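Notes to accompany the following structure.
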Amino acid sequence: MEDLYLNRLISIALTWELLSLLNGSESSADPVCPLQLSADRMVIKYEDPVSVLCSTTTSAETLYWTIDSQKINDNTWSVNRLLKWDISPYCNATFPGIGSCRKPLHITVYKTPDNMSISLLNHSGPMVEGTEYRLQCDIQNVAPLQNLVVKWYKGNEFLLNVTYSNSTKTPVDVSPTLIITPSRDDDGAQYRCEAELVLGPEGPQPPPTVSSKYQIYVEIRPQHQPTPGSRNIVQPTAKPKGHNDLLELNPPSVVVKYGDPVSVNCSTSCTDCEGMGWEVTQGGTAFQLNATIVTWFVDNLEDWTIKPMCYITTSTNQVTKTLPVILYKTPDKMSISLLDHSGPMVEGTEYRLQCDIQNVAPVQNLTVKWYKGNESLLNVTYSNSTKTPVDVSPTLTITPRSDDDGAQYRCEAELDLGPEGPQRPPTVSSEPLNVTVYYKPHINASQLPKRIPVFQGYPEELVCEAKGNPKPRIQWFYDPTKLVRDAGGNLTVYEAGLYNCTATNNVETSFVVVEVILKEDYLPLIAGFVAIMVVVISVIFIFIYSIYYKNTKMGRYSLKDAKLSSTPNGNVAQNGGRNIPLPMTRLSQPNIIF
Ligand SMILES: *[C@@H]1O[C@H](CO)[C@@H](O)[C@H](O)[C@H]1NC(C)=O
Ligand SMILES: *[C@@H]1O[C@H](CO)[C@@H](O)[C@H](O)[C@H]1NC(C)=O
Ligand SMILES: *[C@@H]1O[C@H](CO)[C@@H](O)[C@H](O)[C@H]1NC(C)=O
Ligand SMILES: *[C@@H]1O[C@H](CO)[C@@H](O)[C@H](O)[C@H]1NC(C)=O
Ligand SMILES: *[C@@H]1O[C@H](CO)[C@@H](O)[C@H](O)[C@H]1NC(C)=O
Ligand SMILES: *[C@@H]1O[C@H](CO)[C@@H](O)[C@H](O)[C@H]1NC(C)=O
Ligand SMILES: *[C@@H]1O[C@H](CO)[C@@H](O)[C@H](O)[C@H]1NC(C)=O
Ligand SMILES: *[C@@H]1O[C@H](CO)[C@@H](O)[C@H](O)[C@H]1NC(C)=O
Ligand SMILES: *[C@@H]1O[C@H](CO)[C@@H](O)[C@H](O)[C@H]1NC(C)=O
Ligand SMILES: *[C@@H]1O[C@H](CO)[C@@H](O)[C@H](O)[C@H]1NC(C)=O
Ligand SMILES: *[C@@H]1O[C@H](CO)[C@@H](O)[C@H](O)[C@H]1NC(C)=O
Ligand SMILES: *[C@@H]1O[C@H](CO)[C@@H](O)[C@H](O)[C@H]1NC(C)=O
């Protein structure tokens, strides 16, 4: 007994110790947690597959993975494409008598930069010796930032390491810069920035690296830059033939939504030209010596009258090309209203609807479409060539009919911007305008004949029904002004005369007159007819009977032969000697009396 108790105590104490060891110890170095991962640390490229096995030396009650609070009841965690940046997988298990513990998997998700480029800040064209310039290396979409080392080189000469302490795990863009002060010996030198992801021994070897190059030119003479306006722009007539082909715009024209970015390249095939540039109010470039391509770029285009012009300077003159720009803007607000009228419309009357469209450009590409329900009624276009946004208020004249009651009118503004514009023309629609149409009562004449005969004592019902908006009030007048029925279309008539059904609403009063004629009462006639019929039937009956009577006489029917006393059957007459009983009906009795 004592041994057993002691054993239990020891066992409880051990379990307690184990548990307290397990609690608060989540490090992979924890020697107590009897879990083993096929890899404790992993470096995975974003979108690559992952597979990790969690195993145990002792038998576990349960064993599962938890990945960011998602539970996977399997000893292997595997995904075909890892699509998370910040992920903390744990293998978790419960052991009998010990409790549960878990082991973390340290995972680094990386991504090499999409794009890298070096640019010279706040300057274009050749550099001037002894002047300070700043090169910027734009690195797009790299992760994780804390593993990134950006190295700057000039030729093969290492210049600088740039590292980041930011612990963000999702991809970021970074733009480290390098300050240089070129000397005349640096003309033609190549600068390079390299983005290296240092991912440790578990990562790919050698570490993934992306780089970008930039060649600089250093001028010894002071920089030549024509000031805008001082250039003598050649007249098209004076332009040497074919020179316009010197410049090519890509794309050749643009359709831009107000506030959107735009970028157009101007390139040349000219090899012996001095240089080129863009002259424009927004996003222009300086004159660039020996350049063969210059880019006009604007982050958000907001100049309605912009006229970007690319120019190239040859040894003798200058050639320009203007970029056609359509800057457009969909309406801020659209509304539809009824002019000079309020409340319901009346059928057959003319009304004007107005569509107010605010702040739309360019108006020459605008089509205003009027609709009734889904039916297209009218398309309005404008020839005004204003480039800036305008307000327009086209109108539509309508003459509603009774079946237009409840119709919805609406206007739509559509900008048709051609093939360079958005695939679907931008469209804005007004709220629908619900119209109510009042119309005069229409009396259903098919139920009301012009003349109607009535027999004395047999009343007839006249049914007067009318459709109208608002719902008409129906009244019956008799001969000709006596009101006989107020509100209600059914009238029972007894008397002859003119009955006038009137249907009245706000719009009009309609009426139908019915003439009621009193017809002869046919009852005496019918009585006479019945009497005649009785007589005729009686005559026919007597005739039939008389034929029957003759027949019985020829059968020598004689009362004298009947043995009235001796025959028990007093009603049976002897028919000759043949003893055939002859039934005597009541009808034959008068014959006995005669
Ligand atoms: C995993 O194990 C720990 C102990 O290490 C426990 O507290 C936890 O409840 C277990 N389950 C999950 C889903 O983390
Ligand atoms: C790389 O940069 C160029 C120019 O800056 C841009 O046109 C292109 O879309 C970029 N590519 C990616 C994958 O970001
Ligand atoms: C570049 O020029 C802009 C103004 O033109 C100025 O705000 C910016 O600080 C300059 N950047 C550098 C790196 O000189
Ligand atoms: C730059 O970083 C690399 C690691 O990628 C290292 O080998 C090198 O020594 C560093 N150079 C300097 C000057 O810090
Ligand atoms: C880390 O970098 C991101 C993106 O560059 C930035 O938004 C964030 O503020 C930075 N965090 C720290 C702690 O520097
Ligand atoms: C521009 O081209 C001319 C003629 O080819 C050449 O003499 C000059 O050095 C070039 N300038 C630069 C900065 O490359
Ligand atoms: C208005 O233009 C559309 C095409 O955009 C056409 O389908 C419709 O028939 C036109 N409507 C009228 C009334 O001309
Ligand atoms: C064009 O529209 C503007 C503004 O609505 C107006 O002032 C101008 O007179 C119009 N021009 C023509 C030719 O219709
Ligand atoms: C848009 O307007 C421009 C300028 O008036 C015109 O040349 C072009 O044909 C219009 N596009 C369409 C699709 O109507
Ligand atoms: C117009 O009619 C529709 C349905 O017939 C209704 O849903 C809508 O609320 C009405 N609008 C107004 C302004 O009365
Ligand atoms: C009027 O008469 C018609 C046809 O007999 C009947 O359908 C209708 O219900 C009647 N209306 C009333 C209000 O009695
Ligand atoms: C029928 O009644 C209406 C309304 O009272 C009246 O205007 C019309 O003249 C009447 N018609 C006849 C034929 O009396």
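Read the numbers this way: they start at 1 and go in the same order the structure lists the ligands and their atoms. Worth saying up front: this structure is predicted, and the values here are computed from it rather than measured.
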Tyr46 and Trp85: aromatic ring centres closer than 6.0 Å?
yes
List the closest protein heavy-atom neighbour of atom 12 (C) of ligand 12: residue, atom name, distance to the nearest 0.1 Å.
Asn500 ND2, 3.3 Å
Atoms of ligand 7, numbered as shown, that sit under 4.0 Å from any heavy atom of Leu377
13 (C)
Considering heavy atoms of the protein only, find what lies nearest to atom 11 (N) of ligand 7 and give residue, atom and distance to 0.1 Å.
Ser376 OG, 2.8 Å
What part of Glu414, side chain from CB on, backbone N/CA/C/O, both or neither, has a heavy atom under 4.0 Å from ligand 7?
neither
Donor-acceptor check, side chain of Asn365 to backbone of Leu415, threshold 3.5 angstrom: yes or no?
no
Does Gln475 form a side chain to side chain contact (heavy atoms under 4.5 Å, CB included) with Leu483? I'd like the steps, not just the answer.
CA-CA 7 Å; Gln475 291 172 305; Leu483 182 64; 4.0 Å; yes
Quick note on ligand 12: atoms under 4.0 Å from a heavy atom of Val513 include exactly 12 (C), 13 (C)
Closest heavy-atom approach to atom 8 (C) of ligand 10 among Asn434, Val435, Thr436 is made by Asn434
Spell out, as yes or no, whether a donor-acceptor pair under 3.5 Å connects the side chain of Asp391 to the backbone of Asn359.
yes
For atom 4 (C) of ligand 12, find the nearest protein heavy atom and state the residue, atom name and distance (0.1 Å precision).
Thr502 CG2, 3.5 Å
Please round to the nearest 0.5 Å and tell me the distance separating atom CG of Leu448 and atom OH of Tyr499.
13.0 Å
Just need the protein heavy atom nearest to atom 5 (O) of ligand 7, so name the residue and atom and give the distance.
Lys369 NZ, 2.6 Å
Where is the nearest protein heavy atom to atom 3 (C) of ligand 10: which residue, which atom, and how far?
Gln408 NE2, 3.3 Å
Under 3.5 Å, is there a donor-acceptor pair between the side chain of Gln140 and the main chain of Ser117?
no
In terms of atom number and element, which parts of ligand 7 are under 4.0 angstrom from non-hydrogen atoms of Asn379?
1 (C), 2 (O), 3 (C), 8 (C), 10 (C), 11 (N), 12 (C), 14 (O)
Pick one of side chain, backbone, both or neither for how Leu378 approaches ligand 7, counting any non-hydrogen atom pair under 4.0 Å.
backbone
My question is simple, although I want it checked carefully: is atom 14 (O) of ligand 7 less than 4.0 angstrom from any protein heavy atom?
yes
If the threshold is 4.0 Å, N to carboxylate O, is there a salt bridge linking Arg401 and Glu347?
no
Start with the C-alpha gap between Met345 and Ile398, add the side-chain angles, then the distance that decides, and say whether side chain to side chain contact (heavy atoms under 4.5 Å, CB included) holds.
CA-CA 10 Å; Met345 301 176 177; Ile398 58 166; 3.9 Å; yes
